[in-house]
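Reading through the structure tokens given below for one structure.
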Amino acid sequence: MNFKSLEVFYWVVNLASFNKAAAKLHTTQPAVSQRIATLERELGIRALDRSSRSVKLTAKGRVLYDYAERFMALHAEMMHKVAEEQAVSGVIRLGVAETIVHTWLVEFLEQAQQQYPNLIIDIVVDITPTLREAVRTGELDMAFLLGPQRDGDLVETALCSYALNFLSAPTLKLGKEPLSNEDVAAHPLITFPKRTYPYTYLHQELTTPDRGAPRIFTNWSLSTIVRMAEDGFGVCVVPRLAVLKEVEQGRLKVRQTQMQLRDLSFAVAYARGSDELAKQALAQLAQTIAKASTAGRRRRRQAPASG
């Protein structure tokens, strides 16, 4: 028995699929099946119930999985403490929420290339629910997304938080600021989809027996939301730090309201297992870059105008 066999077994159980485990480990389904059969033969047990059409653990298999999980964590910790930066290598498939693309992703990629020249990062930009599921199934190695969530399948660490603001085209007439709830509800609102905090908060705060529910138009694409607001369609609710360029160029204007929105938080998420040294290294780098970038943008926002 060796560590590779335990790793294969861990991913078969974790992904509930021989095929997905093979894709995750860049091997073939027959090779995965052979690894599991050899592991069972060496231990003299049946770890998986062959009578079930799905991946189902036997009693001994559940015990083995607990140990495999602990071995994976210990191996990752050892590599993180002992290995040099040159050991961080391979290909990492990184999913990114669009807000991060508009804030500090480029700086992160530049730093990652400098510190870990043997590492290749493939970027996928998508919506948070899709990214989270892709990390869980092994299609992505890690992701920067809305969170963190309490998800036992993934390791999640907070990255940054952005204050949400109401913004609109400067020419849009909204009323005297700070805008009342009635002033806000009188115009179309544009923000992230129904499962996100901005939508649920706006819907809850602005729905009344007299007015009914507010008109909220949703989209996962930050670019689409911003474009609709710039065109005067309505008021968008997005992180101001993600649209500093539009604000500075006068294409969007921050609107003061009586409502108090809480911050929108992002996290790095990844599954334990293969390439965990690279994942931990990139997660720590992302935390450093996100913290510095957020602080820098806030100072830039607060700096007095010159001249």
Exercise. Where the side chain of Thr58 meets the backbone of Ala47, is there a donor-acceptor pair that is under 3.5 Å apart?
Worked result: yes
Problem set entry | side-chain contact (heavy atoms from CB on, under 4.5 Å) assessment of Glu139 paired with Glu133 | CA-CA 8 Å; Glu139 294 177 30; Glu133 183 60 23; over 6 Å; no
Exercise. Under the 6.0 Å and 45° cation-pi test, does Arg262 pair with Tyr197?
Worked result: yes
Problem set entry | Check: Glu98 side chain, Leu222 main-chain N or O, donor-acceptor pair, under 3.5 Å | yes
Exercise. Closest heavy-atom contact between Arg35 and Val8?
Worked result: CB-CG1, 3.9 Å
Exercise. Are any non-hydrogen side-chain atoms of Leu202 and Met259 less than 4.5 angstrom apart?
Worked result: yes
For this session: Could you please spell out the steps behind the side-chain contact (heavy atoms from CB on, under 4.5 Å) verdict for Leu154 and Gln149?
Result: CA-CA 9 Å; Leu154 303 178; Gln149 289 188 3; over 6 Å; no
Exercise. Would you call the rings of Phe9 and Tyr65 parallel, tilted or perpendicular, where under 30° means parallel and over 60° means perpendicular?
Worked result: perpendicular
Exercise. Is Thr27 reaching over with its side chain to a backbone N or O of Ala23, donor-acceptor style, under 3.5 angstrom?
Worked result: no
For this session: For the pair Leu6 and Leu64, evaluate side-chain contact (heavy atoms from CB on, under 4.5 Å) and give the outcome as yes or no after the intermediate values.
Result: CA-CA 9 Å; Leu6 285 175; Leu64 178 61; 3.9 Å; yes
Exercise. What is the distance from atom CZ of Arg46 to atom CD1 of Ile36, rounded to the nearest 0.5 Å?
Worked result: 11.5 Å
Exercise. Between the side chain of Asn14 and the main-chain N/O of Trp11, is any donor-acceptor distance below 3.5 Å?
Worked result: no
Exercise. Can you check whether Ile121 reaches Leu282 side chain to side chain, under 4.5 Å on heavy atoms?
Worked result: yes
Exercise. Out of curiosity, Met142 CE to Lys279 NZ, how far, rounded to the nearest 0.5 Å?
Worked result: 8.0 Å
For this session: Could you tell me if the ring centre of Phe233 sits under 6.0 Å from that of Phe217?
Result: yes
Problem set entry | Test: Asp141 and Arg93 ion pair at under 4.0 Å | yes
Problem set entry | Heavy-atom check, side chain of Leu48 versus side chain of Val55, under 4.5 Å | yes
For this session: Mind listing the closest non-hydrogen atom pair of Pro193 and Thr218 along with its distance?
Result: CA-CB, 3.6 Å
Problem set entry | Heavy-atom side-chain proximity of Arg227 to Ser221 below 4.5 angstrom | no
For this session: Mind checking the CG-CG spacing from Leu241 to Leu264? Nearest 0.5 Å is all I need.
Result: 11.5 Å
Problem set entry | Cationic N near anionic O, under 4.0 Å, Lys60 to Glu40 | no
Problem set entry | By salt bridge (charged side-chain N to carboxylate O under 4.0 Å, His left out) - contacts of Lys4 (at least two apart) | Glu7
Exercise. What are the two closest heavy atoms between Ile190 and Ala229, and how far apart are they?
Worked result: CD1-N, 3.9 Å
For this session: Drop me the distance from Thr99's OG1 to Leu105's CG, to the nearest 0.5 angstrom.
Result: 12.0 Å
For this session: I would like to know whether Leu206 and Leu189 meet side-chain contact (heavy atoms from CB on, under 4.5 Å); could you show each step before the answer?
Result: CA-CA 11 Å; Leu206 298 177; Leu189 300 171; 3.4 Å; yes
For this session: Measure the acute angle between the ring planes of Phe144 and Trp104, then classify it against the limits of 30° and 60° as parallel, tilted or perpendicular.
Result: tilted
Problem set entry | Within one Ile-Leu-Val-Met-Phe-Trp-Tyr cluster: Tyr116 and Val106, side-chain cutoff 4.5 Å | no
Exercise. Under a 4.5 Å side-chain heavy-atom rule over Ile, Leu, Val, Met, Phe, Trp and Tyr, are Val254 and Tyr162 clustered together?
Worked result: yes
For this session: Answer whether the closest heavy-atom distance between the side chains of Pro239 and Leu164 falls below 4.5 Å.
Result: yes
Problem set entry | Test item: Thr191 side-chain N/O and Val237 main-chain N/O as donor-acceptor pair under 3.5 Å | yes
For this session: Inspect the surroundings of CD in Gln260 and state if more than 12 heavy atoms from other residues, nucleotides or ligands are less than 6.0 Å away.
Result: no
Exercise. So, for Ala158 and Gln287, which heavy atoms are closest and what is the spacing to 0.1 Å?
Worked result: O-NE2, 3.5 Å
In a table with atom names and distances, give each donor-acceptor pair under 3.5 Å that connects a side chain of residues 166-174 to protein atoms at least two apart or in another chain.
| from | atom 1 | to | atom 2 | distance (Å) |
| --- | --- | --- | --- | --- |
| Ser168 | OG | Arg255 | NE | 2.9 |
| Ser168 | OG | Arg255 | NH2 | 3.3 |

Problem set entry | Considering all heavy atoms, the nearest Asp263-Ser161 contact | CB-CB, 3.9 Å
Exercise. Linking I/L/V/M/F/W/Y whenever their side-chain heavy atoms sit closer than 4.5 Å, directly or via other members, would Ile225 and Val125 fall into one cluster?
Worked result: yes
For this session: Kindly indicate, with the supporting measurements, whether the criterion salt bridge (charged side-chain N to carboxylate O under 4.0 Å, His left out) is fulfilled by Asp66 and Arg62.
Result: CA-CA 6 Å; Asp66 289 339; Arg62 284 193 293 272; over 6 Å; no
For this session: Ignoring hydrogens and angles, tell me if any N or O in the side chain of Thr103 forms a donor-acceptor pair with the backbone of Ile100 under 3.5 Å.
Result: yes
For this session: For the pair Arg132 (side chain) and Leu146 (backbone), establish whether a donor and an acceptor sit closer than 3.5 Å, ignoring hydrogens and angles.
Result: yes
Exercise. Just how far is it from atom CD1 of Ile120 to atom CD1 of Ile92, taken to the nearest 0.5 Å?
Worked result: 10.5 Å
Exercise. Taking atom types as modelled and ignoring hydrogens, do the side chains of Gln284 and Thr288 form a donor-acceptor contact shorter than 3.5 angstrom?
Worked result: no
Exercise. Got a sec, which residues hit side chain to side chain donor-acceptor pair (under 3.5 Å) with Asp49, two or more places apart in sequence or on another chain?
Worked result: Ser51
Problem set entry | Phe192 CZ to Cys236 SG distance, which is reported to the nearest 0.5 Å | 9.0 Å
Exercise. Has the side chain of Gln256 got a donor or acceptor atom that lies under 3.5 Å from a matching backbone atom of Glu177?
Worked result: no
Problem set entry | Worked verdict on Thr38 versus Gln34 for side chain to side chain donor-acceptor pair (under 3.5 Å) | CA-CA 6 Å; Thr38 301; Gln34 182 61 41; 3.2 Å; yes
Exercise. Of the non-hydrogen atoms in Leu140 and Gly95, which two are nearest, and what is the gap between them?
Worked result: CD1-CA, 3.8 Å
Problem set entry | Mutual orientation of the aromatic rings belonging to Tyr199 and His203 [parallel < 30°, tilted 30-60°, perpendicular > 60°] | parallel
For this session: Answer whether the closest heavy-atom distance between the side chains of Ile123 and Leu109 falls below 4.5 Å.
Result: yes
